[in-house]
There are 2 protein chains.
Amino acid sequence: MSDRRTAILEAAATVIARRGVRGLRVEELATEAGVSKALIYYHFEDRTGLLRRTLAFVSNRAERYTTEQSAADVAAEPLRRLEQALLLELQDLPHVRENSTAWGELRASAVFDPALRDELALASVIWVREVADQLGAVLPTAPESALTAGAERLTALLEGLSARWLSGILPLSDARAGMREAIGVEVAHLARSATPSAHGLRQADEPD
Amino acid sequence: MSDRRTAILEAAATVIARRGVRGLRVEELATEAGVSKALIYYHFEDRTGLLRRTLAFVSNRAERYTTEQSAADVAAEPLRRLEQALLLELQDLPHVRENSTAWGELRASAVFDPALRDELALASVIWVREVADQLGAVLPTAPESALTAGAERLTALLEGLSARWLSGILPLSDARAGMREAIGVEVAHLARSATPSAHGLRQADEPD
DNA sequence: GTCTATAACGGGATAGAC
DNA sequence: GTCTATCCCGTTATAGAC
């Protein structure tokens, strides 16, 4: 894959984080990437195609830095690693903010743009499974389905808190505190359901 | 307030739910509302002003139907009422879907449009307090700060789950199950922290 | 592969009649 | 208050040279 193409995708993430999907102008993107407008249409089908590729690019990049970060502390306790991985997205660092903002934008756009849904669903499933795995490292006895459900809740909460933080209605520190507490609560909950024999039988909450 | 003006706001919610803020065309809005484009500019400053008013309109409407629904079951147990109020937003009914979609869109837009932030922050604070109050009815002994934090988590989770549902990456039934379980977990958590030595206290009045 | 120049048009906003 | 008609700018997308 050409250098230019990658440069355009990186620039797209930057511009989306700055202006939103709605505010993305192919011209501004061209300037940001240091190329001409026409080259963007040469490398990508059209505006929507570009967005699709950017979504995949952003989610790969997020996955990459999450994994790197965790690998660096592979010796750390599973719970610490889980917290790190989730709180990583709630930091006021340029590249984190950029990735979170772009991700949020593209997710929101997917509600109205079916072309984005496949990429979004794929990225989402990968992320949930990753978190489920880390939860599994914390709670080896918990059943897979419970881990997935827990990961679903934690990642959805993270997206909700992130959206509030980025739209300026929740201070970052509150978002981080909320996330940290939720992790603790979730782990405790899963631990209780996973080891019913230790204490009294604790059945699942409500029937569907 | 004129009939027309309200009709335009209602139509705006409908069109935003159909096309997104990004896809809202003043012309389509005019058709939907059964008025001319010019009238929209007569009643609202400009496109952004219209969005601001629509945000306030949508959040008022949501508050209204939440309250109505709860009032109808005022005799129900507090926990049931809390669940009802939150799960209300996760239903595949036209007007609910419309409100949730429009709300999500406007929230996402606020990240890049400071003009929307004040309305958004206000609506958000009202909603969190409402949920915190209902949590307080379930757990009279819990301190106000814990209730607010819990409500923050529950509403943020709801927004996260809702976004996933509406973007088609999470089935509605999963979203509802996740929400229901989270409520149970959260209430249990708050109950434990509020009554470290005993449980079942149900008589204390409003904490400060 | 990459550029400059331009076509083509969608859509926000306004003028002015009634 | 409400309409019809229209302006006109910004934006996507393409043509064609190098």
Side-chain angles (χ1 to χ4, degrees), chain A residues 1-57 102 105-106 108-116 119, chain B residues 1-57 102 105-106 108-116 119:
Chain A
M1 186 177 308
S2 87
D3 259 6
R4 297 284 205 185
R5 204 186 143 92
T6 307
I8 292 170
L9 288 171
E10 260 157 13
T14 303
V15 175
I16 289 173
R18 184 161 59 222
R19 310 273 184 217
V21 165
R22 171 164 221 276
L24 181 135
R25 301 287 165 251
V26 179
E27 176 129 41
E28 181 177 3
L29 169 56
T31 304
E32 178 75 29
V35 301
S36 71
K37 272 199 294 181
L39 191 63
I40 292 169
Y41 287 98
Y42 173 79
H43 280 296
F44 303 91
E45 317 73 307
D46 57 6
R47 195 178 185 280
T48 299
L50 168 72
L51 292 178
R52 234 180 51 237
R53 302 297 183 157
T54 305
L55 176 52
F57 176 79
E105 268 294 285
L106 290 163
S109 300
V111 175
F112 305 97
D113 191 344
L116 296 176
E119 306 279 359
Chain B
M1 186 177 306
S2 87
D3 257 6
R4 296 284 204 185
R5 202 186 144 92
T6 306
I8 292 170
L9 288 171
E10 258 158 15
T14 303
V15 175
I16 288 173
R18 183 161 61 223
R19 310 273 183 219
V21 165
R22 299 159 185 76
L24 179 131
R25 301 287 164 255
V26 178
E27 175 129 41
E28 182 177 2
L29 169 56
T31 304
E32 178 75 29
V35 302
S36 69
K37 268 202 295 181
L39 191 63
I40 291 168
Y41 287 97
Y42 173 79
H43 281 295
F44 303 92
E45 317 73 309
D46 57 7
R47 196 177 184 281
T48 300
L50 168 72
L51 293 179
R52 233 180 50 238
R53 302 296 183 157
T54 305
L55 176 51
F57 177 79
E105 269 295 284
L106 290 163
S109 300
V111 176
F112 304 98
D113 192 344
L116 297 177
E119 305 280 359

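Every chain is numbered from 1, with letters handed out A, B, ... down the list of sequences.
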Original post:
Okay, side chain of B:Arg47, backbone of B:Leu24: is any donor-acceptor separation there less than 3.5 Å?
Top reply: yes
**OP:** Using whole Å, report how far CZ of A:Arg19 lies from P of D:dT11.
**Re:** 11 Å
Original post:
How would you label the contact of B:Leu50 with the nucleic acid (heavy atoms, under 4.0 Å): base, sugar-phosphate, or nothing?
Top reply: nothing
Subject >> A:Leu9 side chain reached by A:Phe44 side chain, heavy atoms, under 4.5 Å >> reply: yes
Subject >> Main-chain N/O of B:His43 paired with B:Arg5 side-chain donor or acceptor, under 3.5 Å >> reply: yes
Subject >> Any donor-acceptor N/O pair, A:Glu105 side chain to A:Val21 backbone, under 3.5 Å >> reply: yes
Original post:
Looking at DNA chain D, which of residues 26-46 of chain B put a heavy atom within less than 4.0 Å of it?
Top reply: B:Val35, B:Ser36, B:Ala38, B:Leu39, B:Tyr42, B:His43
Original post:
Would you say a side-chain N or O of B:Arg25 is under 4.0 Å from OP1 or OP2 of C:dG10?
Top reply: no
Subject >> Distance below 4.0 Å between B:Arg4 side-chain N/O and D:dT2 OP1 or OP2 >> reply: yes
**OP:** May I have the distance from B:Asp3 (atom CG) to D:dT2 (atom C1'), rounded to whole angstrom?
**Re:** 14 Å
Subject >> pair B:Glu10-B:Thr6: side-chain heavy atoms closer than 4.5 Å >> reply: yes
Original post:
Can you tell me how far the CD1 atom of B:Ile40 sits from the CG atom of B:Leu50, to the nearest 0.5 Å?
Top reply: 7.0 Å
